[in-house]
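Notes follow once the structure below has been shown.
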Amino acid sequence: MSFYISYLYYIAPIENLSSIFRHGILSHRKASRINHISIANDQVQNRRENKKVPGGLLLHEYVNLYINARNPMLYERMRNSSEKLCILLIDGAVLTSSGVVIADRNAASDYVTFLSPTEAEHKLDIDKICARYWTHPDNQFEEWEHKSLMCAEVLVPHNVAPENIIRVFVPSSDLKEFVITMGFDREIIINPDLFFHMGQ
């Protein structure tokens, strides 16, 4: 495998951390069997429910990690959700897991291309995926395209083990203290910019 990214990201409600520490990050299907808080957009999940990766699994059977956490999905959740969110930093070594697939944009998009890690090296538009902003005031179609690209996903079958979680990012000192009380034994970083300065 020639394609490699050092870190990936998972967005989660802070209330789910205790479960994640015990069980790891679970696919939508596996998570549905345990008590947890979902921040998923119902309309988007309806599109993902029956969508299948060519030669692979249904989207709901994968854990979806982001290449760029500061993306339009996080922005919408921070703006519209009352849930307290955090971002988990995941070891890029999960890219070597069996069955990993990379979506070149939001995996629910009609225009998504699913790639193997080897194919992704030359086909992902990393500059656009990792851009700071997706807005294009003079071109609405380009903005829609860029928003989707910035939500490119690394799809890991079934689960990501707790030992692959390196640290957690939170938007405020209050939430850092809250995570400490949950017994998280790895680094906790306050990074308001990552959360568009919308601390909760």
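Remember, it's a predicted structure, so these values are computed and weren't measured experimentally.
- The two residues Leu74 and Arg70 make their nearest non-hydrogen contact at CD2-CA, 4.4 Å.
- Pairs passing the ring pair (Phe, Tyr, Trp, His ring centres under 6.0 Å) check and including a residue from residues 84-103, sequence neighbours excluded, do not occur.
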(message) Under the criterion side chain to side chain contact (heavy atoms under 4.5 Å, CB included), I'd like the reasoning laid out for Asn68 against Arg132: C-alpha separation, chi angles, the key distance, then a yes or no.
(response) CA-CA 9 Å; Asn68 178 9; Arg132 184 167 175 81; over 6 Å; no
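- A continuous path of hydrophobic side-chain contacts links Val94 to Leu115 [ILVMFWY only; heavy atoms under 4.5 Å].
- Heavy atoms only, all atoms of each residue included: Leu194 and Ala69 are closest at CD1-CB, 4.4 Å.
- Inter-residue side-chain proximity for Tyr62 and Val53 is flagged as met; some heavy-atom pair is nearer than 4.5 Å.
- With values rounded to the nearest 0.5 angstrom, Asn71 atom CG is found 5.0 Å from Ile11 atom CD1.
- Asn164 is not listed as a side-chain neighbour of Ile25, based on a closest heavy-atom distance of 4.5 Å or more.
- In this structure, Val168 and Leu89 have side chains that are not in contact, with every pair of non-hydrogen atoms separated by 4.5 Å or more.
- The hydrophobic clustering, which links ILVMFWY residues whose side-chain heavy atoms are closer than 4.5 Å, places Leu95 and Ile129 together.
- Residues Val63 and Tyr10 are in side-chain contact: their nearest non-hydrogen atoms beyond the backbone lie under 4.5 Å apart.
- In terms of heavy atoms, Ile102 sits closest to Leu124 at CG2-CD1, 3.9 Å.
- Leu58 and Val112 are not part of a single hydrophobic cluster, where members link through side-chain heavy atoms under 4.5 Å apart.
- Minimum heavy-atom separation, Tyr111 to Arg105: O-NE, 3.5 Å.
- Taking Arg29 as the reference, Glu61 meet the salt bridge (Lys or Arg N to Asp or Glu O under 4.0 Å) condition, with sequence neighbours excluded.
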(request) Let me see the working for Leu88 and Leu17 under side chain to side chain contact (heavy atoms under 4.5 Å, CB included), right down to the final yes or no. (result) CA-CA 9 Å; Leu88 300 173; Leu17 286 181; 3.8 Å; yes
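- In this structure, Ser27 contributes its side chain and Lys30 its backbone to a donor-acceptor pair below 3.5 Å.
- Cluster membership for Val101 and Ile90, using ILVMFWY side-chain heavy atoms within less than 4.5 angstrom, is not shared.
- For Arg79, the salt bridge (Lys or Arg N to Asp or Glu O under 4.0 Å) partners are Glu76, not counting sequence neighbours.
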(request) Show the numbers, then the answer: is there a side chain to side chain contact (heavy atoms under 4.5 Å, CB included) between Met78 and Leu85? (result) CA-CA 8 Å; Met78 292 295 297; Leu85 303 182; 3.8 Å; yes
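- Side-chain atoms of Cys130 and Ile67, non-hydrogen and from C-beta on, do get closer than 4.5 Å to each other.
- When atom types are taken as modelled, the side chain of Glu121 and the backbone of Thr118 share no donor-acceptor pair closer than 3.5 angstrom.
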Side chains of residues 146-158: which donor-acceptor pairs under 3.5 Å do they make with residues two or more places apart or in other chains?
from: His146; atom 1: ND1; to: His136; atom 2: NE2; distance (Å): 2.8
from: His146; atom 1: NE2; to: Lys128; atom 2: O; distance (Å): 2.9
from: Glu153; atom 1: OE1; to: Arg48; atom 2: NH2; distance (Å): 2.9
from: Glu153; atom 1: OE2; to: Arg48; atom 2: NH1; distance (Å): 3.0
from: Glu153; atom 1: OE2; to: Ala107; atom 2: N; distance (Å): 2.9

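- Ring-centre distance between Tyr75 and Phe196: below the 6.0 Å cut-off.
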(request) List the steps and the verdict of salt bridge (Lys or Arg N to Asp or Glu O under 4.0 Å) for Lys84 and Asp174. (result) CA-CA 11 Å; Lys84 299 175 176 64; Asp174 287 348; over 6 Å; no
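- The environment of Lys52 atom NZ is dense: over 12 non-hydrogen atoms of other residues, nucleotides or ligands sit within 6.0 angstrom.
- Distance check: Ile14 CD1 to Lys176 NZ gives 12.5 Å after rounding to the nearest 0.5 Å.
- Residues Leu59 and Leu8 fall into different hydrophobic clusters, defined by Ile, Leu, Val, Met, Phe, Trp and Tyr side chains chained together at heavy-atom separations under 4.5 Å.
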(request) List the steps and the verdict of side chain to side chain contact (heavy atoms under 4.5 Å, CB included) for Phe195 and Ile190. (result) CA-CA 10 Å; Phe195 295 85; Ile190 301 169; over 6 Å; no
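- Remark: Gln140 pairs with Glu143, Trp144 by the side-chain contact (heavy atoms from CB on, under 4.5 Å) rule, at least two apart or across chains.
- Looking at heavy atoms from C-beta onward, Cys86 lies out of side-chain contact with Phe169 at the 4.5 angstrom threshold.
- Rounding to the nearest 0.5 angstrom, the gap separating the OG atom in Ser172 from the CE atom in Met198 is 13.5 Å.
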Please report, to 0.1 Å, the donor-acceptor pairs under 3.5 Å made by any side chain of residues 180-189, with sequence neighbours excluded.
from: Thr181; atom 1: OG1; to: Phe178; atom 2: O; distance (Å): 2.5
from: Arg186; atom 1: NH1; to: Pro162; atom 2: O; distance (Å): 2.8
from: Arg186; atom 1: NH1; to: Ile165; atom 2: O; distance (Å): 2.8
from: Glu187; atom 1: OE1; to: Arg167; atom 2: NE; distance (Å): 2.7
from: Glu187; atom 1: OE1; to: Arg167; atom 2: NH2; distance (Å): 3.3

